[in-house]
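Notes follow once the structure below has been shown.
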Amino acid sequence: MPKKIFQRPRYLKDTVFHYCPGCGHSIIHRLIAEVLEELDIGEKAIGVPPAGCAVLAYNYLDIDMAEAAHGRGAAVATGIKRVLPDRIVFTYQGDGDIAAIGTAETIHAANRGENITIVFVNNGVYGMTGGQMAPTTLIGQSSTTTPGGRDLMRDGGPIDLSEMLAITNGSVYIERTAVNSPKNIRQTKRALTKAFKIQMAGLGFSLVEILSPCPTNWKMSPVESHRWVGETTSTIYPLKVIKDKAGDI
Ligand SMILES: Cc1ncc(C[n+]2csc(CCOP(=O)(O)OP(=O)(O)O)c2C)c(N)n1
Ligand code: SF4
């Protein structure tokens with residue numbers, strides 16, 4: 001009898017992803033589904049998807065989901081968690097969503113130490129709307145609104161949202177990872193596991209920023225875009241634990 005060594009996680013629906021080939025969203029969805037199953041929290045999880053390419057995350061994750069307007073994930077998750085404190089509540093947000101329109105509610109949720117988990121997918125552009133510059137776009141990187149490349153003097157530099165959130169009193173755990181290699185995918189899973197465990201223990205605000213490729217808007221092949229994350233994006237956004245007040249958990 002052959003031994004089954006790979007299968008669809010319990011909380012991932014048997015549906016074909018709509019994401020472009022090489023996109024990081026599909027990998028991250030799978031990791032979330034695996035972690036929810038391994039921690040046995042899928043039945044009490046509530047996900048808050050964004051406006052962005054992952055707006056249809058509820059088509060893939062077989063858990064309770066409550067959609068938020070663009071950028072409002074942290075505020076919606078705060079309300080759900082306060083009304084239903086026994087549920088495990090997480091948001092799933094792109095960099096346009098969390099680091100532009102959603103900056104205010106995210107900073108204040110972190111500062112209040114809301115016991116929620118944020119999955120922050122940083123692909124350096126507004127993916128869903130066609131590749132405009134996001135706050136995270138790199139200097140020199142071209143986008144539809146910066147066709148000659150992002151210019152420091154004109155556009156400012158890439159924002160370090162995770163580092164900003166780390167200096168708030170209420171944030172407990174913030175780590176930046178990537179999904180451009182098997183090693184980094186495994187580390188992303190470890191970080192997501194820890195973030196959810198922190199919420200389960202009632203310790204407060206946890207966030208995992210995940211550097212993710214957007215081959216379509218970067219106008220690269222999937223392989224080139226994954227290489228770009230490793231060789232370029234992660235030199236500006238280093239992969240590391242940015243804050244950890246929880247220690248071993
Ligand atoms: C209030 C509001 N403003 C603007 C939009 C248009 N909009 C939809 S998705 C999006 C950007 C998505 O980019 P990001 O959050 O980086 O996610 P990605 O698609 O790259 O995963 C914008 C501006 C909207 N839906 N609602
Ligand atoms: S546009 Fe970019 S972020 Fe959106 S699905 Fe395609 S590759 Fe992924």
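As the structure lists them, so they are numbered: ligands from 1, and atoms in each ligand from 1. Positions are given from 1 along the sequence.
At a cut-off of 2.8 Å, Cys20 is not counted among the residues with an N, O or S atom near atom 4 (Fe) of ligand 2. Taking backbone and side chain together, Cys214 holds an N, O or S atom under 2.8 Å from atom 2 (Fe) of ligand 2.
Summarising the geometry, atom SG belonging to Cys23 is positioned 8.0 Å from atom NE2 belonging to His18; distances are rounded to the nearest 0.5 Å. Here Leu36 contributes atom CG and Leu61 contributes atom CG; the two are 7.0 Å apart, rounded to the nearest 0.5 Å.
Considering backbone and side-chain atoms together, Met128 places an N or O closer than 3.5 Å to an N or O of ligand 1. Note: an N/O pair closer than 3.5 Å links Cys53 and ligand 1 by distance alone. The shortest N or O to N or O distance between Asn123 and ligand 1 is under 3.5 Å. Below 3.5 Å of separation, one finds no N or O of Ala54 facing any N or O of ligand 1.
Neither the backbone nor the side chain of Gln93 has a heavy atom within less than 4.0 Å of ligand 1. Counting heavy atoms under 4.0 Å from ligand 1, residue Thr129 touches it through the side chain alone. The proximity of Val55 to ligand 1, defined as any non-hydrogen pair under 4.0 Å, does not occur for either the backbone or the side chain.
Judged by distance alone, the side chains of Glu163 and Tyr237 never bring a donor and an acceptor atom under 3.5 Å apart. Gln199 and Asn115 are not linked by any side-chain donor-acceptor pair at a separation below 3.5 angstrom, with hydrogens and angles left out of the test.
For atom 4 (Fe) of ligand 2, the closest heavy atom belonging to the protein is Cys53 SG, 2.3 Å. Among all non-hydrogen protein atoms, the one lying nearest atom 21 (O) of ligand 1 is His25 NE2, 2.9 Å.
For Thr136, the heavy-atom gap to ligand 1 stays at 4.0 angstrom or more. Contact between Val125 and ligand 1 is present, with at least one heavy atom of the residue lying under 4.0 Å from the ligand.
Side-chain atoms of Ile118 and Gln93, non-hydrogen and from C-beta on, do get closer than 4.5 Å to each other. Taking the side chain as every heavy atom from C-beta outward, Thr146 and Arg154 approach each other to under 4.5 Å. You'll find the side chain of Lys194 reaches within 4.5 Å of the side chain of Ile249, heavy atoms only. At least one side-chain heavy atom of Glu175 sits less than 4.5 Å from a side-chain heavy atom of Thr177.
When each atom of ligand 1 is checked for a heavy atom of Asp95 under 4.0 Å away, the hits are 15 (O), 16 (O). Contact atoms of ligand 1 toward Asp97: 14 (P), 15 (O) (distance under 4.0 Å to a heavy atom of the residue). Within ligand 1, the atoms closer than 4.0 Å to a non-hydrogen atom of Gly96 are 14 (P), 15 (O), 16 (O), numbered from 1 in the order shown. Residue-ligand proximity, Asn217 to ligand 2, at heavy-atom distances under 4.0 Å covers atoms 1 (S). Against a heavy-atom cut-off of under 4.0 Å, Asn123 is close to the following atoms of ligand 2: 3 (S). Short contacts between ligand 1 and Ile101, defined as distances under 4.0 Å to a heavy atom of the residue, involve ligand atoms 1 (C). Atoms of ligand 2 found under 4.0 Å from any heavy atom of Cys23, numbered from 1 in the order shown, are 3 (S), 5 (S), 7 (S), 8 (Fe).
Aromatic ring pairs are classed by plane angle as parallel below 30°, tilted from 30° to 60° and perpendicular above 60°; the pair His29 and Tyr60 is tilted.
Judged by distance alone, the side chain of Asp95 and the main-chain N or O of Asn123 form a donor-acceptor pair under 3.5 Å.
Remark: Lys245 fails to qualify as a cation-pi partner of Tyr173 under the 6.0 Å distance and 45° angle criteria applied to the six-membered ring.
Summarising the geometry of Gly24 relative to Val179, their closest heavy-atom pair is CA-CG2, 4.1 Å, with the distance given to 0.1 Å.
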